[in-house]
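A quick write-up on the structure given underneath.
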2 protein chains.
Amino acid sequence: MKVTTLKDIANELGISVATVSKALKDYPDVNKDTKEKVLQIARKLNYSPNQLAVNLRTKQTKTIGVIIPTTVHHFFSKVIDGIIEEAEKKGYLVIILQSSEKLFLEKLQVNLLLDKRVDGILMSLSNKTNEFVHLKKVLSRNIPLVLFDKIEPSISCSKVRIDDKKAAYEAVSYLISKGYKKISHFRGDLNPKISNDRFEGYREALEDHGITYDPSLVYLCNNNTDFEDGYTNAKKLIRENPEVDSIFAITDLVAIGAIKYFNENNIKIPDDVAVFGFSNWFMSSVVSPALTTVHQPAHQMGVVATEILLNEIELNKENTPCIHKEVILPTKLILRESC
Amino acid sequence: MKVTTLKDIANELGISVATVSKALKDYPDVNKDTKEKVLQIARKLNYSPNQLAVNLRTKQTKTIGVIIPTTVHHFFSKVIDGIIEEAEKKGYLVIILQSSEKLFLEKLQVNLLLDKRVDGILMSLSNKTNEFVHLKKVLSRNIPLVLFDKIEPSISCSKVRIDDKKAAYEAVSYLISKGYKKISHFRGDLNPKISNDRFEGYREALEDHGITYDPSLVYLCNNNTDFEDGYTNAKKLIRENPEVDSIFAITDLVAIGAIKYFNENNIKIPDDVAVFGFSNWFMSSVVSPALTTVHQPAHQMGVVATEILLNEIELNKENTPCIHKEVILPTKLILRESC
DNA sequence: TTGTAAGCGTTATCAT
DNA sequence: ATGATAACGCTTACAA
């Protein structure tokens, strides 16, 4: 079936394309009768504007781009949910790309989105991202950019995140308050800010409570900061530090990996080893024992980041200069059975 | 920073836009020297084509649309992963929309994608979708459409799915082979094909093995076919049918809800009640006891559906008529501890 | 080998 | 109140 254009309507009525366009957009300078006739034919022919033409003309696509490390992750899928929800509410469409934790892909994808002329970009940086020319390129093109979750402080744009250090500090302080002393940390990659922040929170909490920081209790998650890491690190931990009494894991996934290892090897949680997670991935409420963790407002993060982005896009349109915001979303401890 | 256009390059070199365009696309009928000069300037000015203009001209967007019930679901996030991966490989971008199980949203979103002039559409239908004019509209516009997972048989387009009935039949047969006799089913919404198919598989397996089908052992999941449903149905089940010995749940999420209820109430799995899930959501390997379930190839489903779609898009371009495929992906039983 | 010009479907300015 | 026309940036048939 042929798609109706303005021209078709114009021909049908024997008037000009210009008038049709104006009629459809309810301009004041067009006769009521013609307006109605146009509307009628438009409905009859099932007209809807070709967005490609509109986009080219108005230089706006009503589309935003999102680059995240992965979609297969409860946290990120919640964020995406929030992004799509908020964007759709305001009439924007969302293109999603996955960097798969690779810097070169992230750069490539920024270019794809720029070529696509998206109105704005939302990003959570890959763990490998240690240079930022691609982000600067976005800014130099005057395309609004909002970083969330895995951000880079040195880039001057709006950011939405949690206070990872504080959250980690609170979690570890809680462990200490419950009497745990040999507290291990399964940390994330060395590069991303969030993993360093959580590590710092862990370390500071120990020192502030008079427990000497012991690097041999810190285990690195190499393998994507994932379930596997938790499992293998738990194994190593028990072998190398049998006197450990608790673990603060960078992520629920890692914590759950550790729990699995403990369950399989008859190590009692929390009696032998307590486990503290991070993210409040909903599955953490379902594992046995249920995981004590830090709630991270994923959905809200998506919504807020998108709100800010769309707002900056609107300001941009009016050429109003905009002040970048840095929003820190509150976290809270979710106490369950694992410590 | 101003964005470079063909005109800029043309001006810089004092040649025509047409020549620049051809040079960049490596047309044979352009002088080697000019070609090189153009390439050089293009690189210097950081040229990359305005896709909006390209799209309008070529009537292709190199973008596909995806409409799914939700992104916050392990199965769908895996599918999305596969879709994005495959699409990106072939140079396509992906717009994702969530119907949130609402028919009116699904319809609206189809229109959004059509207006956006996506080259093709991938859909998993909402549970509420019981009319299909919106799908027919897509086809009448000659836009390739591929349905996956939650499909509608009457629509003539390619489909990718699993054999839900067979998979359910196998699962229930396995339960029977292990000696279970009072087998309950927590079924999904009455409308979607997959939930009816799984129900049919359950019923047939019973009857083929000489067990009378007992409707009072079938519980409906109203609440989105979710964790909650499993929990509350398990509670009801034990109250109403204390002699039950096993459950076949429509989904891992539902199964895990039931497991939680049983764990909390000291009902032993599988000794008191065995539980069989569906999907092999990765969390099912981590709960205690680990869930026996049906593996559903989610990632592969995304990849295959996208392959078919992109293929149809290419054929469409060449005006080659295409034959719709119906691919049935294999499932398998994953035996763990819950039965 | 290069350039001219039409066209994709809109929007918006300026005449009429 | 309506219409002719240019423009958005690119592709491509055709002319030079």
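Every value quoted in this text rests on a predicted model; they were computed, and no experiment measured them. In what follows, every chain begins at residue 1, and chains take the letters A, B, ... in the order their sequences are listed.
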Phosphate OP1/OP2 of C:dA12: any A:Tyr27 side-chain N/O under 4.0 Å: yes
Using a cut-off of strictly less than 4.0 Å, decide whether B:Ser16 has a side-chain nitrogen or oxygen near OP1 or OP2 of C:dT2. no
Can you tell me if [atom1] on [X] sees more than 12 non-hydrogen neighbours from other groups inside 6.0 Å?
{"X": "A:Lys35", "atom1": "NZ", "answer": "yes"}
{"X": "B:Gln40", "atom1": "CD", "answer": "no"}
{"X": "A:Glu36", "atom1": "CD", "answer": "no"}
{"X": "A:Lys317", "atom1": "NZ", "answer": "yes"}

When the side chains of residues 75-87 of chain A are checked against the rest of the protein, which donor-acceptor pairs come out under 3.5 Å, sequence neighbours left out?
{"unit_1": "A:Ser77", "atom_1": "OG", "unit_2": "A:His73", "atom_2": "O", "d": "3.3"}
{"unit_1": "A:Ser77", "atom_1": "OG", "unit_2": "A:His74", "atom_2": "O", "d": "3.1"}
{"unit_1": "A:Asp81", "atom_1": "OD1", "unit_2": "B:Gln98", "atom_2": "NE2", "d": "2.8"}
{"unit_1": "A:Asp81", "atom_1": "OD2", "unit_2": "A:His299", "atom_2": "ND1", "d": "3.2"}
{"unit_1": "A:Glu85", "atom_1": "OE1", "unit_2": "A:His299", "atom_2": "NE2", "d": "3.3"}
{"unit_1": "A:Glu86", "atom_1": "OE2", "unit_2": "A:Lys90", "atom_2": "NZ", "d": "2.7"}

NZ/NE/NH1/NH2 to OD/OE distance under 4.0 Å, B:Lys325 and B:Glu312: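 Looking at B:Glu312 together with B:Lys325, the answer is no, because their closest N to O distance does not fall below 4.0 Å.
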When you check the gap from the basic side-chain N to the acidic O, do A:Lys128 and A:Glu106 get nearer than 4.0 Å?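 Salt bridge absent between A:Lys128 and A:Glu106.
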Please report, rounded to the nearest Å, how far the [atom2] atom of [N] is from the [atom1] atom of [X].
{"X": "B:Ile9", "N": "D:dG9", "atom1": "CD1", "atom2": "C1'", "result": "12 Å"}
{"X": "A:Lys32", "N": "D:dT2", "atom1": "NZ", "atom2": "P", "result": "14 Å"}
{"X": "B:Asp8", "N": "D:dC8", "atom1": "CG", "atom2": "P", "result": "11 Å"}
{"X": "A:Lys22", "N": "D:dG3", "atom1": "NZ", "atom2": "P", "result": "9 Å"}
{"X": "B:Lys35", "N": "C:dT2", "atom1": "NZ", "atom2": "C1'", "result": "13 Å"}
{"X": "A:Lys116", "N": "D:dC10", "atom1": "NZ", "atom2": "C1'", "result": "15 Å"}
{"X": "A:Leu13", "N": "D:dG3", "atom1": "CG", "atom2": "C1'", "result": "14 Å"}

Minimum-distance nucleotide (side-chain atoms of B:Thr34 versus D:dA1, C:dT2, C:dA12): C:dT2
Among the nucleotides D:dT5, C:dG3, C:dT1, whichever has the atom closest to the side chain of B:Asn31 is C:dT1
Return the 5'-most residue of the pair B:Val30, A:Asp29 with respect to DNA chain C, ranking by each residue's nearest nucleotide.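 Nearest-nucleotide comparison on DNA chain C picks B:Val30.
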Polar-atom pairs under 3.5 Å, protein N or O versus N or O of nucleotides 6-10 of chain C: list them with distances, or write none.
{"unit_1": "C:dG7", "atom_1": "N2", "unit_2": "B:Arg57", "atom_2": "NE", "d": "3.3"}
{"unit_1": "C:dG7", "atom_1": "N2", "unit_2": "B:Arg57", "atom_2": "NH1", "d": "2.8"}
{"unit_1": "C:dC8", "atom_1": "O3'", "unit_2": "B:Lys59", "atom_2": "NZ", "d": "3.0"}
{"unit_1": "C:dG9", "atom_1": "OP1", "unit_2": "B:Lys59", "atom_2": "NZ", "d": "2.8"}
{"unit_1": "C:dT10", "atom_1": "OP1", "unit_2": "A:Tyr47", "atom_2": "OH", "d": "2.9"}
{"unit_1": "C:dT10", "atom_1": "OP1", "unit_2": "A:Asn50", "atom_2": "N", "d": "3.4"}
{"unit_1": "C:dT10", "atom_1": "OP2", "unit_2": "A:Leu6", "atom_2": "N", "d": "2.9"}
{"unit_1": "C:dT10", "atom_1": "O5'", "unit_2": "A:Tyr47", "atom_2": "OH", "d": "3.4"}

